[in-house]
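Naming convention: chains lettered A, B, ... in sequence-line order (proteins, then strands); numbering from 1 in each chain.
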Amino acid sequence: MMQFMLLFSRQGKLRLQKWYVAHPDKLKKKITRELITTVLARKPKMCSFLEWKDVKVVYKRYASLYFCCAMEQEDNELLTLELIHRYVELLDKYFGSVCELDIIFNFEKAYFILDELVLGGELQETSKKNVLKAIAAQDLLQEEETPQGFFEDHGLG
Amino acid sequence: MPAVRGDGMRGLAVFISDIRNCKSKEAEIKRINKELANIRSKFKGDKTLDGYQKKKYVCKLLFIFLLGHDIDFGHMEAVNLLSSNKYSEKQIGYLFISVLVNTNSDLIKLIIQSIKNDLQSRNPIHVNLALQCIANIGSKDMAEAFGTEIPKLLVSGDTMDVVKQSAALCLLRLFRKSPEIIPGGEWTSRIIHLLNDPHMGVVTAATSLIDALVKKNPEEYKGCVTLAVARLSRIVTASYTDLQDYTYYFVPAPWLSVKLLRLLQNYTPPSEEPGVRGRLSECLETIFNKAQEPPKSKKVQHSNAKNAVLFEAISLIIHNDSEPNLLVRACNQLGQFLSNRETNLRYLALESMCHLATSEFSHEAVKKHQEVVILSMKMEKDVSVRQQAVDLLYAMCDKTNAEEIVQEMLAYLETADYSIREEMVLKVAILSEKYATDFTWYVDVILNLIRIAGDYVSEEVWYRVIQIVINREEVQGYAAKTVFEALQAPTCHENMVKVGGYILGEFGNLIAGDTRSSPQVQFELLHSKYHLCSAATRALLLSTYIKLVNLFPEIKNRVQEVFRADSNLRSADVELQQRASEYLQLSIVASSDVLATVLEEMPAFPERESSILAVLKKKKPGRIPDEVRESKSPLPNATPAPIINNIANTNSSSADLLGLSTPPGSTANTGNGLFDVLGDLYTTPKISPSTVPQNNIKKFLFKNNGVLFENDLIQIGVKSEFRQNLGRIGLFYGNKTQSPIQNVHPELHWTDLHKLNVQMKPMEPVLEAGAQIQQMLTAECIEDFPDTPSMSVSFIYNSVPQKISMKLPLTLNKFFEPTEMNGESFFARWKNLGGEQQRAQKIFKAQGSIDLAAARTKLSGFGMQLLDGIDPNPDNFVCAGIVHTRMQQVGCLMRLEPNKQAQMFRLTVRSSKETVSQEICDLLADQF
């Protein structure tokens, strides 16, 4: 089971965090800080897995962004790596050549996509097509709503 | 600003841009505080906000949270969004809640209500939103609220696949929070059959759920093995086009394959059904064959997915540990990975091989790769890979390759990373002891360890070398010579001084014949290090000096001079001062006979598992293979502590530091008062903690045999039988040590002899090393009695008086005779005994979660007859029995009612005598 997933930049800025275990906020912050430092200190050719405290950390860097998952001892490392890749593919497909900025400005979408892929720390759906279909269905529901805030946001409200 | 998808919130995008444009941290914080103030005023303001605005602000709060700031408001607004009829608002509400709401928030009731509404929705997208929320933050409360609905959703034929997937994982989350939520019964088979679902996504999600259920209750879900093997077989034999979108870079359904392989690791290989077993072997063979095929793609995703399945298959093979061919094949495959160019693969191959090394079938095959592994330890660029190599070397080590592996590890230690040195030191110490055929080699290795990595040599390691040298006569002379040589280095580690000091103090005489290591030379050599050492080491050296005085009277004057030195006799350190003054007096006052007795050579230590191993296990729980094959220690096994009958083994003192605290001389009867001089130095404080009574009398309520008491020195077992109002109790005293235990004197403490008459037969006062003696007690129950008799045993071990006390397993229930009766007569009697004077009742909390099977086992050992099928509620237990006393027989009925919801028990006892009801009730309360 995945315990948490963090996305952070090369500068160590957190871009997304998803926790599947309940920790107090203080602990989450501490773990985040320490793990980011540890991962950023590693050299490019090093192995993508590390035993860290009582979890197994699997991480991979895509351009300026690090994707980092904390797994339990029995979880399969290589497939976790591919789970990250599948997530990146999904983001890429949804945003069209995704970049860090897409995730910053649409962080809620990044969350929704992740929720379709992984649920409660377990893999839910591995098919790219099915995940994108689910997200498209959500977007469709949204578009059917009257864009009520449109006028306010343009100073016309 | 990149395009914003969906309906986008412009205000949010502007805010994010603002933050990104901030030139400094301060500016960012200022902008955030401004925004927080703005949002707060909007939320508090009179103007009611519409859903869109709420959504926008809640989203801003989320973003601020992501930046690392605490958010302490907005929760209520988020909960309001849940009941919006606009999907996008609802979705943001749920997002905020799953990211920011704690499971114990007081809003949880409101949240549960909203989830309930959404679960009823006809739109599956809404239902899924609710399910996802439960799966992400599900709590005990939610388990209670949705425990019936979600299993239905999961197995119902009407449920859409996407909803089923979420429902499976949702149920998994709730099951983890409160295991009793899973209905069981016919549900079991319906859940298992999800493995046959045509939708791969449903199977993927369901497999995770089933894996967790199996872990909790393997027997009940056993049926999943056949289905899992069948499913796996279909996947591995599928071509990559068959599974369409579930094929990942030409690998058919890698995630599901891995989950199924994982699921099968909960069971032993399916032996009852040879067909299933054969099919599984075929699957595993196919996975290996595919690994050998040329890759269908050069992409790393292809090889990762393929190898992920392979590694999981290997894990299963190792778990089953029954197919030598497959194990060896696995080993060869991993051997290829050891020189792969992907660091990840090398890392995993080393890790996996470590497990293979512990199987007797593949141990030899692993050893073939020794050279490559040694190279990995030396050459890998990544310390975590080097660490794996070290672990593997440790696991593959046996008698045949120990010298080489230990040598390589020692060599590597000189340049090893600081982060792994301590562990390596422990490993080298363990291997060299375990596989030593020649103990001079062992001594060399340990001294080398201290030379190379002295700072990382923990106390346990140097204690252990001393223990071994003391127990092994053939190596003592060599050890003395070697430490003497090692101490001649101009700088040597303090640990070396400790070992050297100790060994020369014991065995310096063995090398004193050589003029190059004459007594004077030995003493001066040691003393040249004295001033550079810590107080603890100095204290040890002072003891060495007095021992040298005993060995070599000719250096007495020189040593006395050192004791007399102001820096010792007037040392600011109280321990040094005391040792110096007492040793000085001892050397002046005592005759050579007395000196020889007091300062006699250390007696041999009891053989036991190396405490170093315990340290290593503690450092890396789960990563140290329990037993490397061929682990039969070359140390001749000393007589093991006497184990009484088939009583569970001892918890051999993990904290004990090799008994170094035992006094050197072991003679109490010198009788001339000199013993007292040393008494203070060596006596009890270190021994006594281990004599804290470990006498858990309550467990004997339900059984008659077992270990009554145990510490490092002694084990007392009990075996008893009862008939009517009489009992015979055999106590078995076992000496766990290597020296005799003297003046053994048991004493009974029991005043109610007129109620329970206990007689103790005399016993031998001496318990020889490793021996066991028996003592009989008889008991007669005259009248019912409260409480339990206790006894104490005093004895002398190594001149130190010891006393232990414990309760005897003599409780009123021992005099029960079970009584069979049918429901009718039970309830008739129950009613008859309804008077205030006859009943006793207690309500108590369950210890942990209620376990009916365990309660049943306990009750059947209690002495009453367990009556099945009498109580209308099958969870309740009713029992009947007669207490036999000399005066009368007392009929007694009992009823125990578990309340799973509240995790409580209600216990009612009825009998014709109030004190009996009360006592039986007291005995049983809090035991479940």
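- Panel note: side chain B:Ser352, backbone B:Ala349; no donor-acceptor pair is recorded below 3.5 Å.
- Within residues 30-42 of chain A, the residues that have a heavy atom under 4.5 Å from a heavy atom of chain B are A:Arg42, listed by number.
- Neither the backbone nor the side chain of B:Tyr94 comes within less than 4.5 Å of any heavy atom of chain A.
- Separating the CG atom in A:Leu65 from the CG atom in A:Leu7 is a distance of 5.0 Å, to the nearest 0.5 Å.
- Contacts of B:Ile125 with chain A are made by side-chain atoms alone, with heavy-atom separations under 4.5 Å and no backbone atom involved.
- Heavy atoms closer than 4.5 Å to chain B are found in the side chain of A:Lys29, but not in its backbone.
- Contacts with chain B were tallied for A:Arg15, A:Lys43, A:Met1; A:Met1 has the most, counting heavy-atom pairs under 4.5 Å.
- Residue contact with chain A, scored on non-hydrogen atoms closer than 4.5 Å, is absent for B:His302.
- For the pair A:Leu114 and A:Tyr87, the minimum side-chain heavy-atom distance is below 4.5 Å.
- The candidate from A:Arg86, A:Glu116, A:Lys13 with the greatest count of non-hydrogen atom pairs under 4.5 Å with chain B is A:Arg86.
- A salt bridge does not link A:Lys109 with A:Asp102: every distance from a Lys NZ or Arg NE/NH1/NH2 to an Asp or Glu carboxylate oxygen is 4.0 Å or more.
- Of the residues considered (B:Ser166, B:Ser98, B:Ala206), B:Ser166 shows the highest number of contacts with chain A, using heavy-atom pairs under 4.5 Å.
- For B:Arg176, the part sitting under 4.5 Å from any heavy atom of chain A is the side chain, from C-beta outward, and nothing else.
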- Task: Would you please test B:Tyr246 and B:Trp255 for ring pair (Phe, Tyr, Trp, His ring centres under 6.0 Å) and show each step?
- Result: CA-CA 9 Å; B:Tyr246 288 93; B:Trp255 280 282; 9.7 Å; no
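- Chain B forms the most heavy-atom pairs under 4.5 Å with one residue out of A:Thr80, A:Leu50, A:Leu79, A:Leu141, and that residue is A:Leu79.
- Formation of a donor-acceptor pair under 3.5 Å by the A:Arg61 side chain with backbone atoms of A:Tyr66 is not found in this model.
- With respect to the salt-bridge test (charged N to carboxylate O, under 4.0 angstrom), the residues B:Lys306 and A:Glu82 do not qualify.
- A salt bridge links A:Glu77 to A:Lys56: one of the charged nitrogens lies within less than 4.0 Å of a carboxylate oxygen.
- Heavy-atom pairs under 4.5 Å with chain A were tallied for B:Thr204, B:Asn136, B:Asn307, B:Leu129; the largest tally goes to B:Asn136.
- When the candidates A:Leu123, A:Val118, A:Leu140 are compared by the number of heavy-atom contacts under 4.5 Å with chain B, A:Leu123 comes out ahead.
- Remark: the backbone N or O of B:Lys177 is paired with a side-chain donor or acceptor of B:Lys140 at under 3.5 angstrom.
- Interface summary for chain B: among A:Thr126, A:Asn130, A:Leu78, the most heavy-atom pairs under 4.5 angstrom belong to A:Leu78.
- Contacts between A:Leu81 and chain B at a heavy-atom distance below 4.5 Å involve the side chain alone, from C-beta outward.
- Ionic pairing of A:Asp75 and B:Arg262 is not present here: no N-O contact between side-chain nitrogen and carboxylate oxygen is shorter than 4.0 angstrom.
- Listed for the B:His126 side chain is no donor-acceptor partner under 3.5 Å among the backbone atoms of B:Ser121.
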- Could you walk me through whether A:Phe67 and A:Tyr59 pass the ring pair (Phe, Tyr, Trp, His ring centres under 6.0 Å) test, one step at a time? CA-CA 6 Å; A:Phe67 290 69; A:Tyr59 72 92; over 10 Å; no
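- The choice from A:Tyr111, A:Tyr20, A:Phe49 that makes the most heavy-atom pairs within less than 4.5 Å of chain B is A:Phe49.
- A 6.0 Å sphere centred on NZ of B:Lys215 holds more than 12 heavy atoms belonging to other residues, nucleotides or ligands.
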